Amino acid sequence: MTRRFLTLVTVLALSLVACAGPATTETQPSNTAPGQTVPEAVLLSYSLAAGQSYTFEVELDQSIEMTATGDSDVMGDDDMPEEMSLRVVGTALLTYLVSEGPTADTFEINITGDFSDVTFTGTVDGEPVDPDEVPDLAQLEPVDAIIVVDSNGRVIPENSSGGLDDLFGFGDFGDFTQSGMNFTNFFGPPFGDLPVSVGDSWTETVETPGMDGESLVTEVSSSVTGTDTLDGADVFLIRTVTSSPLIEFDLAEMIIGLMESFLQLGNPSAEDLAEFEAMADQIRFAFQIDPSVTNMTTWFDQEAGLTRRSEITGVVEMAFDVAMPNDETGELATFVMNMKVDHNTRQRLVSTSGA
């Protein structure tokens, strides 16, 4: 099996995982203390129009811990380290350009940004990292994605690109760590359908079809925790907690079927088929992302209908467990990798233009 084929299969699998269904909303107002002075409840929404653009300065601080054993050739990367401990720090600009969406009250958002100007410190296989020789899987590729949202900031996944397959990249297994920071989300939390003030909360539930037919449920819970003044504007402080479920699948059955189809094209002998069947019992391509929680604080300008600042923290842990034929020898090779990405980002609105 060629590296190109492995890459294709991997991207296909992650695309399936990324296909989220429509979100459902539950608004759960909470009581405020008697006599407490709070702003009047307002219906929060984003003021979007075709031709608008928003540019945010993004400060990134990310740590990556990775261990790997086995033959990395089966993942298409013969230079993958066995141990890596890195810190990635940098600043970039993200721009959100608004166009008309495919249906009424929807907007297409083109998100672009370049995180290539970052600083790497740490060790790779026990040696201090050389900034000019950072492993591909630690690199952050430029962001270029399309999402479609409604005026409440709910992402409509069937009309969006930039899912897990785009975030992981998979050019020589690069950009793997960008999964820790989803830059293809909107620049603020999704809002509910009822007016809210300080103390009120709401929840968005996103169901994603899983590989086994069962839905993967992600909850996005937000609450207005207070008020502030930022850049001369009165803003709501909104705390958002995103709880993502365990994601796991094994593509062995799919890969075996495709390999067998290729084998049959060559009119294999009975001996070839017997060897393949013996190896097929040992093939695996298992992928797992552990359950995770991401915390975000947003400074939302309710009058202007835009986010002026946000801070996001979270941890993502993932693993691969692979047993595949080696490209050169044809013998079964194994590879196991575990990775933890701890990310912190700050976004601050620096300019707006357009309609």
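Model, not experiment: these values are computed from the prediction.
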*Where do T205 and T203 land on the side-chain contact (heavy atoms from CB on, under 4.5 Å) test, with the steps shown first?*
CA-CA 6 Å; T205 302; T203 298; 4.1 Å; yes

_F276: ring-ring contact (aromatic ring centres under 6.0 Å, His included) partners, not counting sequence neighbours_ = none

*In chain order, what residues pass the ring-ring contact (aromatic ring centres under 6.0 Å, His included) check against F107, with sequence neighbours excluded?*
none

*asked:* Are W202 and S222 packed together at the side-chain level, in the sense that at least one heavy-atom pair is separated by less than 4.5 angstrom?
replied: yes

*Please name the pair of heavy atoms, one in G188 and one in T307, separated by the smallest distance, quoted to 0.1 Å.*
CA-OG1, 3.7 Å

*Is the closest side-chain donor-acceptor distance between S201 and S223 under 3.5 Å?*
no

*Measure the shortest side-chain to side-chain distance between R154 and E204 over non-hydrogen atoms and say whether it is less than 4.5 angstrom.*
yes

_Enclosure of D117 CG (heavy-atom neighbours >12, cutoff 6.0 Å)_ = no

*Determine, stepwise, if the pair V149 / L48 fulfils side-chain contact (heavy atoms from CB on, under 4.5 Å).*
CA-CA 10 Å; V149 302; L48 300 172; 4.0 Å; yes

_Is there a path of hydrophobic side-chain contacts, each under 4.5 Å between heavy atoms, that joins M259 and L263?_
yes

_Joint hydrophobic cluster, L332 plus I255, side-chain heavy atoms closer than 4.5 Å_ = yes

*What pairs with F236 under ring-ring contact (aromatic ring centres under 6.0 Å, His included), at least two apart in sequence or on another chain?*
none

*Shortest non-hydrogen contact from V148 toward T106*: CG1-CB, 4.0 Å

*Can you tell if the side chain of N110 reaches within under 4.5 Å of the side chain of S99, non-hydrogen atoms only?*
no

*asked:* Ignoring hydrogens, what is the shortest heavy-atom contact between A41 and S197? Give both atom names and the distance.
replied: CA-CB, 3.9 Å

*Once you round to the nearest 0.5 Å, how far does CG of N295 lie from OG1 of T313?*
4.5 Å

*Begin with the C-alpha distance, continue with both residues' side-chain angles, and end with the deciding distance and a verdict on side-chain contact (heavy atoms from CB on, under 4.5 Å) for Q62 and N344.*
CA-CA 6 Å; Q62 174 180 269; N344 298 273; over 6 Å; no

_I need the T67 OG1 to K340 NZ distance, nearest 0.5 Å._
12.0 Å

_Where L273 and P268 come nearest, the two heavy atoms and their spacing_ = CD2-CG, 3.7 Å

*Pairing of R309 and D231 as salt bridge, 4.0 angstrom limit*: no

*Say whether V235 and I238 are linked into one hydrophobic cluster, either directly or through other cluster members, by side-chain heavy-atom distances under 4.5 angstrom.*
no

*Do you reckon F191 sits in the same ILVMFWY cluster as V42, going by side-chain contacts under 4.5 Å, direct or chained?*
yes

*asked:* Which heavy atom of F300 sits nearest to which heavy atom of L306, and what is that distance?
replied: CD1-O, 3.4 Å

*Does atom CD of E59 have more than 12 heavy-atom neighbours, drawn from other residues, nucleotides or ligands, at distances under 6.0 Å?*
yes

_For a quick check under 3.5 Å, do S269 and D272 share a side-chain donor-acceptor pair by atom type?_
yes

*Can you check whether Y46 and Y54 have ring centres sitting under 6.0 Å from each other?*
no

*Report yes if the side chains of T240 and V220 come closer than 4.5 Å at any heavy-atom pair, otherwise no.*
yes

*Could you tell me which non-hydrogen atom of V124 sits nearest to which non-hydrogen atom of L86, and how far apart they are?*
CG2-CD2, 4.2 Å

*asked:* Rounded at 0.5 Å granularity, tell me how far CG in L94 sits from OG1 in T55.
replied: 9.0 Å

*Is it true that the side chains of S53 and S353 contain a donor and an acceptor less than 3.5 Å apart?*
yes

_I'd like to check the side-chain contact (heavy atoms from CB on, under 4.5 Å) partners of A274; sequence neighbours left out, ordered by chain and number._
none

_Partner of E311 under salt bridge (charged side-chain N to carboxylate O under 4.0 Å, His left out), chosen from R239, R348, R346_ = R346

*Which distance, rounded to the nearest 0.5 Å, do you find between the CZ of F187 and the CZ of R308?*
11.0 Å

*Do I146 and E108 touch side chain to side chain, with heavy atoms closer than 4.5 Å?*
yes

*If we only count heavy atoms from C-beta on, is the T227 to P39 side-chain gap below 4.5 Å?*
yes

*So do N152 and P190 actually touch side chain to side chain, heavy atoms under 4.5 Å?*
no

*Close side-chain approach of E83 to T123, heavy-atom, < 4.5 Å*: yes

*Do W299 and L44 share a hydrophobic cluster, counting only Ile, Leu, Val, Met, Phe, Trp and Tyr and linking them when any side-chain heavy atoms are less than 4.5 Å apart?*
no

Please tabulate, for side-chain N and O atoms in residues 278-292, each donor-acceptor pair with protein atoms closer than 3.5 Å (sequence neighbours left out).
{"residue": "Q282", "atom": "NE2", "partner": "A278", "partner atom": "O", "Å": "3.4"}
{"residue": "R284", "atom": "NE", "partner": "D321", "partner atom": "OD1", "Å": "2.9"}
{"residue": "R284", "atom": "NE", "partner": "D321", "partner atom": "OD2", "Å": "3.3"}
{"residue": "R284", "atom": "NH2", "partner": "D321", "partner atom": "OD1", "Å": "3.2"}
{"residue": "Q288", "atom": "NE2", "partner": "D290", "partner atom": "OD1", "Å": "2.6"}

*Evaluation steps, side-chain contact (heavy atoms from CB on, under 4.5 Å), between V293 and V241*: CA-CA 7 Å; V293 174; V241 179; 3.6 Å; yes

*Please confirm whether F335 and F320 have ring centers closer than 6.0 angstrom.*
no

*Would the number of heavy atoms belonging to other residues, nucleotides or ligands and lying under 6.0 Å from CD of E253 be above 12?*
no

*Between CG on residue D144 and OG1 on residue T95, distance to nearest 0.5 Å*: 11.0 Å

*asked:* So, using side-chain contact (heavy atoms from CB on, under 4.5 Å) as the criterion, who are the partners of I312 when residues are at least two apart?
replied: T294, M296, H343, T345

*For the atom pair CE (M339) and CD (E65), what is the distance rounded to the nearest 0.5 Å?*
10.0 Å

